[in-house]
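Reading through the structure tokens given below for one structure.
Both counts, for ligands and for their atoms, begin at 1 and track the order of listing. All residue numbers refer to positions in the sequence shown, counting from 1. Just so we're clear, the structure is a prediction, and the values are computed from it rather than from any experiment.
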Amino acid sequence: MRTHLWTDILERIQRSVDSHRYETWFRPLVPIQSADPNELTLGAHNQFIADFLDQHYSTTILTLAKQFHPSIYKVSFTVIQNIQQKASSSPPSAPPANSDEQPEFEKLRNLNPLYTFQQFVVGPGNQFAKSASSAVAEAPGKTKFNPLLIYGGVGLGKTHLLHAIGNHAKNLAPTTRVAYASSEDFYFSFIDAIKNNETKQFAEQFASKDILLMDDIQFLAGKESTQEEFFYIFNILHQNGRQIVLTSDLPPARLQGLQDRLVSRFQWGLAVDIQPPDLETRVAILKKKAEKDKLSISEEVLYFIAENVPSNIRELEGIIIKVLAYASITRTDISIPLVRNILQLSSQEQRSKVSIEEIIDYVASYYKVPVDNLRERNRRKEVAHSRHVAMYIAKNLTNHSLKTIGLHFGGRDHSTVIHAVKHVQTIMEKDEDLRNEINYIIAHLSS
Ligand code: ADP
Ligand code: MG
């Protein structure tokens with residue numbers, strides 16, 4: 001019986017590792033039924049943890065397992081979505097089917113289920129934005145906040161709120177039709193639509209929704225025909241009493257490169273700003289994240305992190321992941337001196353200590369693709385992802401110019417590199433696994 005086996009193994013592990021490491025890596029694991037009775041499969045909370053355990057602890061666990069069941073020959077790790085809801089021996093279930101109609105402009109409509117109001121920590125800097133968002137989610141199109149525009153700096157929770165509005169509205173009324181789009185996706189999909197003669201369907205996609213959530217509208221600056229299209233869609237929705245929610249990095253009056261008639265419409269409803277979180281809010285956010293990922297970090301260390309990191313919440317999350325990776329790679333406890341080291345390293349910017357070659361080598365081995373495939377000019381799909389990631393990391397960890405980076409990847413030009421970097425950034429915003437993956441690679445390269 002898998003559950004017993006795992007309980008036995010856990011007990012052994014608990015006796016041999018310190019409590020932090022035990023709580024962080026092992027206790028949250030869940031045994032999962034695998035097709036092969038002689039394989040032990042363990043479900044981890046995220047890809048980062050699964051990879052980490054696979055690399056560092058699979059042999060230890062296998063040795064322990066063999067002591068109880070000599071026939072076991074393999075230990076593997078997998079990611080399960082919501083660890084609490086899984087009974088310990090149930091097989092991993094298929095991902096939930098998308099309840100929406102057939103995807104047409106697929107990228108445009110995925111709500112991130114992790115970005116909810118429950119997960120959003122409220123503090124003085126964001127409470128107004130949060131209240132307005134809740135009001136709109138409770139009664140889309142029925143408040144005076146139409147459009148609702150949320151603006152503020154990077155990493156302060158604008159995208160999170162947009163998704164939370166969509167998720168909450170759908171929870172209250174499952175038939176609510178919601179479209180989420182980053183302005184970048186909107187722009188690129190519109191171009192595709194023009195190419196394919198599908199602009200009518202394109203507009204229809206949005207104009208038929210109850211709620212349109214449009215992220216980072218500053219990106220539409222200078223893109224005249226995309227703005228025209230957006231203006232057209234905006235008007236249809238607004239006339240029909242549908243809800244529109246927008247985000248931008250600046251208040252409407254300071255948005256450059258957007259047509260006046262658009263900007264003036266943005267001011268019909270309510271514009272609210274998000275300010276960086278104060279200390280208490282940063283601590284609360286860290287606690288929430290630690291809780292969600294089932295990580296055990298002492299109160300003292302949480303405060304230390306909150307006091308010493310920039311207010312950007314995305315960076316705050318990045319630091320937590322780095323702390324974890326360091327603690328495990330160097331096999332030390334999560335302590336204040338450790339965090340201090342990491343923060344120092346992050347701020348001095350390990351820049352240029354790592355060479356592009358090292359980055360390419362490590363990324364290739366991480367994704368198990370031949371190094372030469374990253375360096376060569378081939379267009380094989382399987383290596384595209386790892387190459388993009390390597391370019392993104394090279395841009396972030398070294399001081400080399402885009403041109404130099406391009407040269408290391410088979411003489412690609414700088415625009416290819418920019419494109420790759422942006423592409424990775426966009427996916428990272430939505431994809432927690434990729435974020436963890438990249439943070440892990442960065443932590444490794446800088447350790
Ligand atoms: P923005 O869109 O403003 O750049 P995001 O919404 O992408 O920022 O937020 C960056 C990260 O910080 C996300 O992972 C998000 O979940 C998290 N985050 C932001 N604000 C909060 C908050 N108030 N409570 C909890 N997590 C937050
Ligand atoms: Mg955002």
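For ligand 1, the protein residues within 4.0 angstrom (heavy atoms only) are Tyr115, Gln119, Phe120, Val121, Asn126, Gly153, Val154, Gly155, Leu156, Gly157, Lys158, Thr159, His160, Ile285, Lys289, Ile313, Arg314, Glu317, Arg435.
At a threshold of 4.0 Å, the pair Asp185-Lys430 counts as salt-bridged, since one of the basic side-chain nitrogens sits closer than that to a carboxylate oxygen. With respect to Glu184 and Lys422, no salt bridge is recorded, no charged nitrogen being found less than 4.0 Å from a carboxylate O.
The closest side-chain donor-acceptor pair between Asp413 and Thr416 falls under 3.5 angstrom.
Using a cut-off of 2.8 Å, one finds that Ser182 contributes no N/O/S atom close to the Mg ion (ligand 2).
Between the Arg254 side chain and the Pro251 main chain, no donor and acceptor come within less than 3.5 Å of each other. The main-chain N or O of Ile211 is never found under 3.5 Å from a side-chain atom of Arg242 such that the two would form a donor-acceptor pair.
Figure legend: cation-pi geometry between Lys223 and Phe219, with NZ or CZ positioned under 6.0 Å from the six-membered ring centre and within 45° of its axis.
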